[in-house]
Student: 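Attaching a single structure in structure tokens format; questions to follow.
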Amino acid sequence: MKKIVILDYGSGNLRSAERAVARVGADVTVTSDFDAALNADGLVVPGVGAFAACMSGLTSVRGEQIIGRRLAGGRPVLGICVGMQILFAKGVEHGITTEGCAEWPGTVERLHAPVIPHMGWNTVEAPADSVLFRGLDPATRFYFVHSYAVRHWQLEPDRFTPPLVTWSHHGEPFVAAVENGPLSAAQFHPEKSGDAGATLLTNWLTTV
């Protein structure tokens, strides 16, 4: 049984994430312990609320170091909602710019949509070779609740295998998920997405 840590840094649906990952057959621990998070088979970084507050909480437990060291060693990390957003270079909220973990270039900013927040069920457009969305019908819906997102993918192609980027649409296109070697992330909430979310988490566990 794979050992998964849900990183507790004061943000995120910790117990919902714990139940969802345990449901798909993992041994799950919720903790802020540096060594436990660093050495687990897989790490889940949830997040809700403001980008700046999440980054503050993350740095308070040296979460950015945990993520960076895990990825340097090829050890899987899954970001969820704001836990995905903080993986990008920066977030802009109410005119204030906050530096993120910068695992990917790009800016998290307010969606241009007639209704904000984007709350409820929505489809996604996943690449054909996606692992996270393997076995899921293109019409499958996932549960979103957010007002900010990455509206433009900025990582230029290079000699390495490019990340797989999944998109969704609310007023405009935005990044809904990314698969990039050991680093994966979803803007929606798998733990609130029923069987579809369980399938995605099961697929992620195959990479752990």
Side-chain angles (χ1 to χ4, degrees), residues 6-14 16-17 20 43-61 63-64 66-68 71 77-127 130 132-133 141-156 163-180 183-193 196-197 200 204:
I6 311 292
L7 186 62
D8 181 1
Y9 62 99
S11 177
N13 301 303
L14 299 175
S16 294
L43 178 69
V44 176
V45 183
V48 296
F51 188 104
C54 284
M55 275 306 300
S56 177
L58 189 74
T59 56
S60 73
V61 300
E64 79 289 1
I66 295 169
I67 293 168
L71 296 177
V77 175
L78 174 66
I80 295 175
C81 197
V82 185
M84 167 181 165
Q85 295 178 2
I86 58 177
L87 297 170
F88 285 86
K90 60 185 177 180
V92 179
E93 295 180 352
H94 309 297
I96 298 172
T97 299
T98 303
E99 298 300 314
C101 294
E103 296 296 340
W104 298 308
T107 302
V108 177
E109 53 195 338
R110 189 174 176 85
L111 280 170
H112 294 167
V115 177
I116 293 291
H118 173 213
M119 182 181 297
W121 298 86
N122 204 348
T123 56
V124 301
E125 299 173 10
S130 167
L132 288 182
F133 297 93
R141 294 178 178 270
F142 297 89
Y143 188 80
F144 291 83
V145 53
H146 63 116
S147 300
Y148 294 80
V150 174
R151 300 165 53 234
H152 308 286
W153 180 255
Q154 296 181 10
L155 186 62
E156 296 295 329
L164 300 177
V165 182
T166 293
W167 295 84
S168 189
H169 193 279
H170 180 71
E172 63 178 335
F174 65 89
V175 176
V178 184
E179 299 164 69
N180 185 194
L183 182 57
S184 301
Q187 176 63 67
F188 53 84
H189 288 274
E191 77 280 9
K192 294 183 178 181
S193 296
L200 183 137
W204 177 67

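Fair warning: this is a prediction, and the values are worked out from it, not measured in the lab.
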Student: Should Phe188 and Leu200 be marked as a side chain to side chain contact (heavy atoms under 4.5 Å, CB included) after you check the CA-CA gap, both sets of side-chain angles, and the distance that decides it?
Tutor: CA-CA 11 Å; Phe188 53 84; Leu200 183 137; 3.6 Å; yes
Student: As a quick check of understanding, evaluate side chain to side chain contact (heavy atoms under 4.5 Å, CB included) for Leu183 and Trp104, giving each step before the final call.
Tutor: CA-CA 10 Å; Leu183 182 57; Trp104 298 308; 3.5 Å; yes
Student: Test side chain to side chain contact (heavy atoms under 4.5 Å, CB included) on Phe142 and Asn122; report intermediate values, then the result.
Tutor: CA-CA 5 Å; Phe142 297 89; Asn122 204 348; over 6 Å; no
Student: Name each donor-acceptor pair under 3.5 Å that joins a side chain in residues 48-60 to protein atoms two or more places apart or in another chain, with its distance.
Tutor:
from: Thr59; atom 1: OG1; to: Met55; atom 2: O; distance (Å): 3.1
from: Thr59; atom 1: OG1; to: Ser56; atom 2: O; distance (Å): 3.0
from: Ser60; atom 1: OG; to: Gly57; atom 2: O; distance (Å): 2.5

Student: To the nearest 0.5 Å, what is the distance between CG on Leu78 and CD1 on Ile6?
Tutor: 8.5 Å
Student: Tell me, please, which residues at least two apart from Tyr143 pass ring pair (Phe, Tyr, Trp, His ring centres under 6.0 Å).
Tutor: Trp121
Student: Could you pull out the closest heavy-atom pair between Pro46 and Leu7, with the gap in Å?
Tutor: CD-O, 3.6 Å
Student: Would you give me the side-chain donor-acceptor pairs under 3.5 Å for residues 84-91, sequence neighbours excluded?
Tutor:
from: Gln85; atom 1: NE2; to: Tyr148; atom 2: O; distance (Å): 2.9
from: Gln85; atom 1: NE2; to: Gln187; atom 2: OE1; distance (Å): 3.0

Student: Quick one: CG on Leu111 to NE2 on His118, what's the gap to the nearest 0.5 Å?
Tutor: 8.0 Å
Student: Apply side chain to side chain contact (heavy atoms under 4.5 Å, CB included) to residues Val145 and His189 and explain how you reach the verdict.
Tutor: CA-CA 8 Å; Val145 53; His189 288 274; 3.6 Å; yes
Student: Who pairs with Glu109 by salt bridge (charged side-chain N to carboxylate O under 4.0 Å, His left out), at least two apart in sequence or on another chain?
Tutor: Arg151
Student: Per the salt bridge (Lys or Arg N to Asp or Glu O under 4.0 Å) rule, what does the pair list look like for residues 44-61, sequence neighbours excluded?
Tutor: none
Student: Where is the tightest heavy-atom contact between Thr123 and Ser168, given as atom of each residue plus distance?
Tutor: O-OG, 2.7 Å
Student: Could you give the distance from NE2 (His170) to NE2 (His146), rounded to the nearest 0.5 Å?
Tutor: 7.5 Å
Student: Holding to side chain to side chain contact (heavy atoms under 4.5 Å, CB included), I want the full list of residues that pass it with Pro117, two or more places apart in sequence or in another chain.
Tutor: Met119, Ser147
Student: Any side-chain donor-acceptor pair under 3.5 Å between Ser130 and Glu179?
Tutor: yes
Student: Might you point out which heavy atoms bring Ile66 and Val61 nearest each other, and give the distance in Å?
Tutor: CD1-O, 3.9 Å
Student: Taking the side chain as everything from C-beta on, heavy atoms only, tell me whether Ser11 gets closer than 4.5 Å to Val82.
Tutor: no
Student: To the nearest 0.5 Å, what is the distance between CG (Leu71) and CG (Leu43)?
Tutor: 9.0 Å
Student: If we only count heavy atoms from C-beta on, is the Val165 to Pro127 side-chain gap below 4.5 Å?
Tutor: no
